[in-house]
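First the proteins, then the strands, lettered A, B, ... as listed; each starts at 1.
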2 protein chains.
Amino acid sequence: MEPTLKLADQICFPLYAASRLITRKYTPYLDQLGLSYPQYLVMLVLWETDQVPVSFIVQQLLLNTNTVTPLLQRLEAMGMLTRKKSREDERKVIVSLTAKGRKLKEQAATIPSEMAACLLSKDITAADLGALVQTLNQLIATLNEEEAG
Amino acid sequence: MEPTLKLADQICFPLYAASRLITRKYTPYLDQLGLSYPQYLVMLVLWETDQVPVSFIVQQLLLNTNTVTPLLQRLEAMGMLTRKKSREDERKVIVSLTAKGRKLKEQAATIPSEMAACLLSKDITAADLGALVQTLNQLIATLNEEEAG
DNA sequence: AAAATTTATATCGCGAGCGATATAAATTCT
DNA sequence: AGAATTTATATCGCTCGCGATATAAATTTT
């Protein structure tokens, strides 16, 4: 199939639209936690691995420093985390969850299954979503490699 | 597989990351046209169907009016399109390409195949991408239905 | 026909997301 | 050791994306 300038043919547009629509779907659940979607992603990283430098979050989320720094500043202002210069390397800033930030994980625990239920339908099975995630991760690996190289 | 709070398990994150990385990949090509990625999407719509109300672009791109209106205002300032009130229904604003906007389509013609080449790799075939787009479109339909209903 | 409601678009305010640039600390080079 | 370079994070300015709200025109109700 020859690629054309038609919207439906582009790979980019379905990705872009699906990403936004899913983010919208998260919003009511995240509102209850007082988090935006990108803030939720930062918390996911920290709930898995606490006390990490800013660069670790940048790598995990594939974002830039100039996006992550303001995100962390807002989460710090909300009392979810602290930012402290590292002892060994004063260039690094170590991000650590506060008690409040750790506690929020309990409230968030139900979100993944609630969201999974939202996405399944008569046309989409769990297997479809599994295949989707696999291809997306390969795509991400390809795009990310090219950037680094 | 039980859904958890791990970043890698969430469907949302691969979508979000892939969408952003692909947009980044487009940037150097779109810079040559002087367009941002969302502006490019608007132009794709208009290159397919000219002289449409704002609501048509909103529907096609699954965006909100308050995103599309400023987008159109910027494209108008760039001389790519005009916005005029409809004769039959003065609430509607009809968006039409200018000669300059129509001409840009020629310059954009090579982008789809160039991008397709970027996305293929040893791990991803054209068939994989085809399946990806199909699942994404079903996902979009599911999410969009729920919103409307 | 006047009032109430709906529809189409626009404005406001805020949090992303990112290119370009800045700053400070660590590392490498000479 | 001092200078040059690299690394880690932050700041600035702009566009997007969206919830809340506003405005004006059309439609429906009474």
Just distance, no hydrogens or angles: give the donor-acceptor pairs under 3.5 Å from side chains in residues 58-72 of chain B, sequence neighbours left out.
residue, atom, partner, partner atom, Å
Thr69(B), OG1, Thr65(B), O, 3.2

Nearest-Å distance for atom pair CG/P, residues Leu75(B) and dC14(D): 18 Å

Interatomic distance, Met78(B) CE vs dC14(D) P [rounded to whole Å]: 16 Å

Residues which pass side-chain hydrogen bond (donor to acceptor under 3.5 Å, both in side chains) with Ser121(B), listed by chain and number, not counting sequence neighbours: Thr142(A)

Nearest-nucleotide 5' precedence on DNA chain C, Val93(B) against Arg91(A): Val93(B)

Lys92(B) or Leu71(A), whichever maps to the more 5' nucleotide of DNA chain C: Lys92(B)

Residues touching DNA chain C, which here means a heavy atom under 4.0 Å, drawn from residues 44-65 of chain A: Leu63(A), Asn64(A)

For DNA chain C, the residues among residues 79-90 of chain B that have a non-hydrogen atom under 4.0 Å from it: Arg83(B)

Sequence neighbours excluded - ring pair (Phe, Tyr, Trp, His ring centres under 6.0 Å) pairs with any residue from residues 39-68 of chain B: Tyr26(B)-Tyr40(B)

Side chain to side chain, Leu21(B) and Leu139(A), heavy atoms closer than 4.5 Å: no

Pro53(A) side chain reached by Val93(A) side chain, heavy atoms, under 4.5 Å: no

Sugar-phosphate, base or nothing in reach of Thr67(B), heavy atoms under 4.0 Å: base

By salt bridge (charged side-chain N to carboxylate O under 4.0 Å, His left out) - contacts of Lys105(B) (at least two apart): none

Summary of side chain to side chain donor-acceptor pair (under 3.5 Å) pairs that have at least one residue in residues 73-91 of chain A, sequence neighbours excluded: Glu76(A)-Arg83(A), Asp89(A)-Arg91(A)

Gln32(B): partners by side chain to side chain contact (heavy atoms under 4.5 Å, CB included), with sequence neighbours left out: none

Residues forming a side chain to side chain contact (heavy atoms under 4.5 Å, CB included) with Gln51(B), sequence neighbours excluded: Ile94(B), Ser96(B)

Contact list for residues 106-134 of chain B, test salt bridge (charged side-chain N to carboxylate O under 4.0 Å, His left out), sequence neighbours left out: Lys103(B)-Glu106(B)

Upstream residue (5' side of DNA chain D) when Tyr16(A) and Pro70(A) are each assigned their closest nucleotide: Pro70(A)

ring-ring contact (aromatic ring centres under 6.0 Å, His included) partners of Tyr16(A), counting only residues at least two apart: Tyr37(B)

Contact interval (first through last nucleotide) of DNA chain C with protein chain B, 4.0 Å heavy-atom: dT7(C) to dC18(C)

